[in-house]
Student: 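A single structure is presented below for examination.
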Protein chains: 2
Amino acid sequence: MKGQVLAEPGRATIIDVGRAAGVSAKTVSRVFNGERYVSEGVAQRVREAAAALNYHPNMLARALVSRRSHLIGLVYERPSPSYVVDLQEGVLARLKDERYRLVVIPVASMSERAAEVVGLLRSAALDGVVLAPPASDDPRILADLAAAGIRSARIAPTRDIEAAPSNLIDDISAAREIAAYVLGLGHRDVAVILGDPTHAATDMRLAGYRQAFAAAGVEMAEDLIGQGAFSHETGYAAAAALLAGPRRFTAILAQNDDMAVGALLAAREAGLRVPEDLSIIGFDDSEVSRISWPRITTIRQPVFDMAVAAADMVIAQLEGREPRRRVQHAHQLIIRESVAPPPAG
Amino acid sequence: MKGQVLAEPGRATIIDVGRAAGVSAKTVSRVFNGERYVSEGVAQRVREAAAALNYHPNMLARALVSRRSHLIGLVYERPSPSYVVDLQEGVLARLKDERYRLVVIPVASMSERAAEVVGLLRSAALDGVVLAPPASDDPRILADLAAAGIRSARIAPTRDIEAAPSNLIDDISAAREIAAYVLGLGHRDVAVILGDPTHAATDMRLAGYRQAFAAAGVEMAEDLIGQGAFSHETGYAAAAALLAGPRRFTAILAQNDDMAVGALLAAREAGLRVPEDLSIIGFDDSEVSRISWPRITTIRQPVFDMAVAAADMVIAQLEGREPRRRVQHAHQLIIRESVAPPPAG
DNA sequence: TTGAAAGCGCTAACAA
DNA sequence: TTGTTAGCGCTTTCAA
């Protein structure tokens, strides 16, 4: 029995391995980090000793000395489940095989955000973060992150596009296209359901709709603009309110798919057939748009790809490479069964 | 100029704060950890110095010395987005205000799992993990976790219920109830769409169906049992195959809601009305069951609550408290519009 | 190609 | 009530 004993948790350290292999701790470190200048014989001995002792490097110690936690955060405000999962899977796809881990940081609401991000900065020891809306548009968050030396990349920001690496689609053009498609089918009385007003996409998409109406020479009815917040429930409520109002319309432009599906339910309850009596249009091409009935005509926004690219931008910065500053991702009009020409009458 | 200078990252340490406040590092540590035995005057000075230096504790250093990363993992195999999000939100709800962070660890498939979990053990420095199916049923994973000293709690395990803290519903009874309900309406030719065979819930739910059939004295048609894997697509495919087969049936028992919605699509494409011509039954009460049309009759499984409880069990262990070993959560039959008595003919 | 010494920023244990 | 001394397990000098 020597005076030195393994710590109670029984976890072997680099020193134990070194002792067992008859080398210094530094040499063990070299082997485990794949550094050059270790003779193959020594490396072999070290590996055997490590295996025998069931040694695994302590990430916490590594993190302390290297100042790298290998933790990447994903900050988002809970929209629909499928959007969140697309986002996460995209980031994870890029992190895979990279030694980085994903920490999810959903924030409940605008008001909570400030405190939430302070907490994020102070306590989470993140190396970098991917910011989804609306955090991606918050100048204060960007400033705090930069001040704390936390790398970031953004999904769908609309302001200060150059402030941090960005991944975008052209929301205005996309909204214009889909509205033009609807108007092109002959619709003239078109309702709109807006998303959360704190998300900049809400304004951009509305601007795109307006451009399409202007180009078609159709007046947009301001009293047919309902307010939602990107959820199924708010889409349902907004559509129900519009349908209960005095003004008739033959199509609804919802600013995302969840609200479009909510509107679908409201239409059914009002006894309307979709698309024969009422056309319903979404945005995002999220899973619900594909599994609803009828399936929703929408704009495909490559959330997964955007998340992959954002994660890549964060990693590039962490590795000292220059990240791409701004990637414009392609959107696409997806025509499905929820839209038809307006009823003859 | 002293010889000692702040590190380039400019981040103040506990020593800098101590120097500025005229106290030792340990005293600063006491203040920041809310320990007793610090006079209010000193505490005040320390706080002011910390604020002036923009000091924030280094979590990595804390983690090293306390042997706590404050990271909790969530291991799951990607089922539907709404299930995943329910799970995450449940864990996060319990972690909120607890200084723990959630690291998501989706594993692609059974085969990947072993290596994935080895990686988890070795590299992620997790304090604890919540295991969703099918990881929650894997004895090897449980053994490895225990060996590594990582606390765990499980969602919906079916084997070795006492091996680690568990959260369950009574899948057999639940499946029996919903099948009994369908048989009670008069259905006799009932198809089944199974979930992923590697998930134990698949077997349990089938067993429950069988019990109901036996109790009703109805023979279960083995050639009406289709294989799915819990996804919308597999539900669609399995239902389409059954509908294309020779044998008629008036109801489909799908083992989750996603597959039920897939079956709904297949029924529509086959020109069948749901529920007039064909009843469709799901399981889980996930979001899709509420937003589909018709809405799906299903069994409510409180995934969110189970995740909250599982996170609580992990935290209890980390704090040295005795966790609850086994919580049986209540399920509930949710009757909606996708089921009707069999057509008269 | 290898090792010794120093220290990352913090806290536990003890002393004052 | 406060401070001192040792590390946590690893990597980074720098020397051999």
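Below, chain A is the first sequence line, B the second, and so on; all start at residue 1.
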Student: Tell me, with the steps shown, if A:Tyr100 and A:Leu318 meet side-chain contact (heavy atoms from CB on, under 4.5 Å).
Tutor: CA-CA 11 Å; A:Tyr100 287 97; A:Leu318 291 173; 3.6 Å; yes
Student: Send over the distance from A:Leu64 CG to D:dT11 P, rounded to a whole Å.
Tutor: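 The distance from CG of A:Leu64 to P of D:dT11 comes to 11 Å, rounded to the nearest Å.
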Student: Could you tell me how far apart A:Ile14 (CD1) and C:dG3 (P) are, to the nearest whole angstrom?
Tutor: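 Roughly 12 Å, once rounded to whole Å.
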Student: Tell me: CG of A:Leu60 to C1' of C:dT11, nearest whole Å?
Tutor: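 Taking atom C1' of C:dT11 as the reference, CG of A:Leu60 is at 14 Å.
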Student: Going by the rule salt bridge (charged side-chain N to carboxylate O under 4.0 Å, His left out), which residues pair with A:Arg47 if we only count those two or more places apart in sequence or in a different chain?
Tutor: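 Testing A:Arg47 for salt bridge (charged side-chain N to carboxylate O under 4.0 Å, His left out), a comparison that skips the adjacent residues, returns A:Glu40.
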Student: Nearest-Å distance, CG (A:Asp16) to P (D:dC8)?
Tutor: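 From A:Asp16 CG to D:dC8 P: 10 Å.
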Student: Can you list every ring-ring contact (aromatic ring centres under 6.0 Å, His included) pair that touches residues 11-50 of chain A, not counting sequence neighbours?
Tutor: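 Qualifying pairs: A:Phe32-A:Tyr55.
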Student: At a heavy-atom distance below 4.0 Å, what parts of residues 27-41 of chain A sit against DNA chain D?
Tutor: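 Residues of residues 27-41 of chain A that come under 4.0 Å of DNA chain D are, in numerical order, A:Ser29, A:Asn33.
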Student: Any side-chain heavy atom of B:Pro165 within less than 4.5 Å of one from B:Gln317?
Tutor: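 SC-SC contact between B:Pro165 and B:Gln317 confirmed.
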Student: Do the side chains of A:His70 and A:Arg62 get nearer than 4.5 Å, heavy atoms only?
Tutor: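 No, every pair of side-chain atoms sits at 4.5 Å or beyond.
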Student: Please check if any side-chain donor atom of A:Ser166 sits under 3.5 Å from a side-chain acceptor atom of A:Arg154, or the reverse.
Tutor: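 On atom types as modelled, these side chains qualify, holding a pair under 3.5 Å.
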Student: Mind checking what makes side-chain contact (heavy atoms from CB on, under 4.5 Å) contact with B:Ser39, not counting sequence neighbours?
Tutor: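 B:Val42.
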Student: Could you tell me the separation between the CZ atom of B:Arg68 and the P atom of C:dA12, rounded to a whole number of Å?
Tutor: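 So the CZ-P distance, B:Arg68 to C:dA12, works out to 12 Å.
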Student: Can you name the closest pair of heavy atoms from A:Leu60 and B:Ser69 and give their distance?
Tutor: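 Distance-wise, the nearest heavy atoms are CD1-CB, 4.0 Å.
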Student: Round to a whole Å and report the spacing from CZ of A:Arg62 to P of D:dC10.
Tutor: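 Value for this atom pair: 8 Å.
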Student: Would you indicate which nucleotide in C:dC8, D:dG3, D:dG9 comes nearest to any side-chain atom of A:Arg67?
Tutor: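 For A:Arg67, the side-chain atoms sit closest to C:dC8.
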Student: Rounded off to whole Å, could you give me the NZ-to-C1' distance for the B:Lys26 and D:dA6 pair?
Tutor: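 Spelled out: NZ on B:Lys26 to C1' on D:dA6 is 13 Å.
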Student: Just to confirm, is there a sub-4.0 Å distance from OP1 or OP2 of C:dC8 to any side-chain nitrogen or oxygen of B:Arg11?
Tutor: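 Indeed not, no polar side-chain atom of B:Arg11 lies that close.
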Student: Would you say C:dG3 has OP1 or OP2 under 4.0 Å from some side-chain N or O of A:Ser24?
Tutor: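 So the side-chain polar atoms of A:Ser24 do come within 4.0 Å of the phosphate oxygens OP1 or OP2 of C:dG3, strictly under.
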Student: Note down the inter-axis angle between the two ends of the helix from C:dT1-D:dA16 to C:dA16-D:dT1, five pairs each, to the nearest 10°.
Tutor: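 It comes to 30° between the two terminal axes.
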Student: Using whole Å, what does the distance between atom P of nucleotide D:dG9 and atom CZ of A:Arg19 come to?
Tutor: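 Taking atom P of D:dG9 as the reference, CZ of A:Arg19 is at 12 Å.
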Student: DNA chain C: A:Val65 or B:Ser66, which has the more 5' nearest nucleotide?
Tutor: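 It is A:Val65 whose nearest nucleotide is closer to the 5' end.
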Student: Taking side chain to side chain donor-acceptor pair (under 3.5 Å) as the test, write out the residues that go with A:Glu35, two or more places apart.
Tutor: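 Partners of A:Glu35 under the side chain to side chain donor-acceptor pair (under 3.5 Å) test: none.
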